[in-house]
2 protein chains.
Amino acid sequence: MWSNHINYHGAMRTHQLVLSWIENELSGGRLAVGGRLPAERTLAEQLKVSRTSVREAIRILEAMGVVRAGVGSGPEAGTVVIADPTAALASALRLHIATQHLPVADIVETRVLLESWAVAKASPDAPELADAAVLLEGMAAEGLGVGDFLALDVRFHLALADAAGNAVVSAMMGSLREAIQGYAAELTSNLPDWEATASRLRAEHEAILAAIRNNDGGLAAKLVAAHIEGYYKEAGLAS
Amino acid sequence: MWSNHINYHGAMRTHQLVLSWIENELSGGRLAVGGRLPAERTLAEQLKVSRTSVREAIRILEAMGVVRAGVGSGPEAGTVVIADPTAALASALRLHIATQHLPVADIVETRVLLESWAVAKASPDAPELADAAVLLEGMAAEGLGVGDFLALDVRFHLALADAAGNAVVSAMMGSLREAIQGYAAELTSNLPDWEATASRLRAEHEAILAAIRNNDGGLAAKLVAAHIEGYYKEAGLAS
DNA sequence: TAGGTCATGTGGTCCAACCACATCAACTAC
DNA sequence: GTAGTTGATGTGGTTGGACCACATGACCTA
């Protein structure tokens with residue numbers, strides 16, 4: 001029985017050691033969002049590991065949306081802590097869709113369930129609803145392109161999700177949306193009459209927002225589910 | 001004005017190039033779960049990048065639950081493609097909880113909503129329910145430790161989530177559960193009478209399972225929500 | 001034939017060097 | 001004195017090479 005004060009976690013690889021050091025600093029509050037990690041070379045020396053291992057850990061954190069790395073000098077430089085849970089979930093979902101172990105239909109279904117819950121939970125006077133209303137006005141503009149309409153549509157739905165006030169649900173909604181973004185855009189080419197569809201979507205958006213503001217969460221949830229499923233049905237959902 | 005034939009994707013870093021190459025192989029079906037990536041040195045030469053960059057990409061995929069790396073020779077060696085979406089979501093959630101930008105209360109709330117949906121959606125004759133029943137028997141065993149009970153409890157709830165047949169929901173449930181695992185275990189020390197609580201949990205489990213099998217999804221959802229919220233309330237939920 | 005030995009190929013780790021970039025201080029020309 | 005230039009500094013980004021531990025399988029040897 002020996003005590004190895006470095007590898008006491010079993011076969012921990014060096015980059016995992018760096019990872020847990022950083023996670024510890026975060027948990028302990030010594031490192032917070034907006035803060036900076038020590039420079040890679042410095043951190044390597046501190047932890048008695050190679051710069052390579054430090055970089056591997058930072059790359060993982062970057063992929064997880066926990067840090068952002070910038071070269072040069074000044075405010076944009078260095079490795080600073082951010083908080084973008086959506087990024088991590090989105091790339092994870094995208095990669096696993098690529099392995100074809102996450103059916104797109106399941107993603108859509110999950111989005112329906114999360115967003116239904118969100119609108120049912122949202123308070124009628126949540127500030128995010130005002131943002132949503134502004135977005136709706138933008139979507140009513142004359143001569144709006146398909147791409148612009150869809151971009152506003154995404155933001156509208158995310159605003160609804162945010163209105164529920166649950167950070168986890170917001171992040172998951174955003175990631176689901178990102179992961180199937182390209183997919184949803186492709187579907188528009190299947191639509192027989194885009195103007196008619198856009199007009200219908202606008203009306204449904206208004207109805208959803210009205211239901212939330214009328215404190216009728218149950219109705220809002222039903223409308224959202226029908227809204228999303230209707231779109232994919234019209235455009236032809238293939239898995 | 002010069003043309004950079006490598007960075008035509010803007011400021012794409014070399015490890016991202018490797019990443020997109022691999023993602024492309026996955027999407028195209030040339031690389032599937034169970035398959036092997038070329039050796040790091042080989043891949044580096046193929047893509048005209050350094051081995052370091054290849055390794056950074058692989059490390060990210062590893063953290064995302066897409067590949068597993070093993071040294072030596074034989075079946076366990078090399079970098080092989082796996083499919084563990086739960087791993088990615090779980091570590092992402094854990095890290096962002098560390099940054100204190102994802103409140104534990106939101107995690108619990110999300111778990112309630114996902115699991116309620118799952119039991120409402122589950123088919124009464126889903127094969128996963130049989131597994132769940134077996135787990136319940138195990139939890140009824142005499143002299144079961146707290147840790148063992150909780151381990152079975154986790155598997156029981158995951159079986160319920162799986163019964164809905166949505167891979168995304170299953171993965172998210174699993175990751176939420178993993179991310180707050182330590183938290184839930186700590187709470188047991190707050191319980192005045194573990195035996196009484198365990199007994200109550202067992203009864204509630206039975207009722208949930210019975211409701212699903214009775215095709216009463218609405219009741220099952222209500223029971224699940226009460227079950228989870230009741231536990232955290234009794235143990236004292238602090239954020 | 002049984003056993004040991006070594007070559008091979010894998011990922012894991014480290015090092016030393018160089019690059020591009022952004023900032024800031026010092027210097028120079030006007 | 002001011003404006004512009006120049007260079008030093010420190011950051012992450014990338015590379016090639018070296019060595020290690022490990023698992024296998026082929027090859028010898030007793």
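We name chains A, B, ... by the order of the sequence lines, and we start the count at 1 in each one. Quick caveat, the model's predicted, so the values are computed rather than measured.
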Peer 1: Nucleotide range of DNA chain C contacted by chain A, 5' to 3', under 4.0 Å to a heavy atom?
Peer 2: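 Extent of the interface on DNA chain C: C/dG12 to C/dT23.
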Peer 1: Are the side chain of A/Ser116 and the backbone N or O of A/Val112 linked by a donor-acceptor pair below 3.5 Å?
Peer 2: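 Yes, the answer is positive, given that a donor and an acceptor are paired below the 3.5 Å cut-off.
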Peer 1: With each end axis built from five pairs of C1' atoms, what bend angle do you get for the helix from C/dT1-D/dA30 to C/dC30-D/dG1? Round to 10°.
Peer 2: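 Here the local axes at opposite ends form an angle of 40°.
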Peer 1: Which heavy atom in B/Val169 sits nearest to a heavy atom in A/Leu113, and how many Å separate them?
Peer 2: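 For B/Val169 and A/Leu113, the tightest heavy-atom pair comes out as CG2-CD2, 3.8 Å.
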Peer 1: When the distance from CE of B/Met12 to P of D/dT14 is rounded to whole Å, what number comes out?
Peer 2: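 Taking CE of B/Met12 and P of D/dT14, I get 11 Å after rounding.
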Peer 1: Check B/Ser175 against B/Ala90 and note the closest heavy-atom contact, atom names and distance.
Peer 2: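 Smallest interatomic distance, heavy atoms only, reads CB-N, 3.3 Å.
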Peer 1: Taking A/Asn190 for its side chain and A/Ala235 for its backbone only, find out whether a donor-acceptor pair lies under 3.5 Å.
Peer 2: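 Checked: pair present.
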Peer 1: Would you list the pairs meeting side chain to side chain donor-acceptor pair (under 3.5 Å) in which at least one residue belongs to residues 85-97 of chain A, sequence neighbours left out?
Peer 2: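 For residues 85-97 of chain A, and leaving out neighbouring residues, the side chain to side chain donor-acceptor pair (under 3.5 Å) pairs sorted by first residue read A/Arg94-B/Glu23.
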Peer 1: So if I take residues 63-84 of chain A and measure heavy-atom distances to DNA chain D, which residues fall below 4.0 Å?
Peer 2: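 Heavy-atom contacts with DNA chain D come from A/Ala69, A/Gly70, A/Val71, A/Gly72, A/Ser73, A/Gly78, A/Thr79.
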Peer 1: Provide the full list of ring pair (Phe, Tyr, Trp, His ring centres under 6.0 Å) pairs with a residue in residues 127-166 of chain A, sequence neighbours left out, each pair given once.
Peer 2: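 Ring pair (Phe, Tyr, Trp, His ring centres under 6.0 Å) check on residues 127-166 of chain A returns A/Phe149-A/Trp194, A/Phe156-A/His205, A/His157-A/His205, A/His157-A/His227.
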Peer 1: Identify all pairs in which a protein N or O lies below 3.5 Å from an N or O of nucleotides 15-19 of chain D, and state each distance.
Peer 2:
residue, atom, partner, partner atom, Å
D/dT15, OP2, B/Ser50, N, 3.3
D/dT15, OP2, B/Ser50, OG, 3.1
D/dT15, OP2, B/Ser53, OG, 2.9

Peer 1: Hey, does B/Leu114 have a side-chain heavy atom less than 4.5 Å from the side chain of B/Leu176?
Peer 2: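 Yes, at least one pair of side-chain atoms sits under 4.5 Å.
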Peer 1: Output yes when A/Glu56 and A/Arg13 qualify as a salt bridge under the 4.0 Å nitrogen-oxygen rule, no when they do not.
Peer 2: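 Between A/Arg13 and A/Glu56 there is no salt bridge, as every charged N stays at least 4.0 Å from the carboxylate O atoms.
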Peer 1: With a 4.0 Å cut-off on N to O distance, would you call A/Arg111 and A/Asp106 a salt bridge?
Peer 2: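 Salt bridge flag = no for A/Asp106 with A/Arg111.
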Peer 1: Identify whether the distance between the nearest side-chain nitrogen and carboxylate oxygen of B/Arg177 and B/Glu115 falls below 4.0 Å.
Peer 2: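 The answer is no: the pair does not qualify as a salt bridge.
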Peer 1: So that I can tick it off, tell me whether B/Glu62 and B/Arg68 are bridged by a salt bridge, with the cut-off set at under 4.0 angstrom between side-chain N and carboxylate O.
Peer 2: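 Here B/Arg68 does not pair with B/Glu62 in a salt bridge, since their nearest N and O are not under 4.0 Å apart.
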Peer 1: For the pair A/Arg51 and A/Glu45, find out whether any cationic side-chain nitrogen is under 4.0 Å from an anionic carboxylate oxygen.
Peer 2: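 No, A/Arg51 and A/Glu45 are not salt-bridged.
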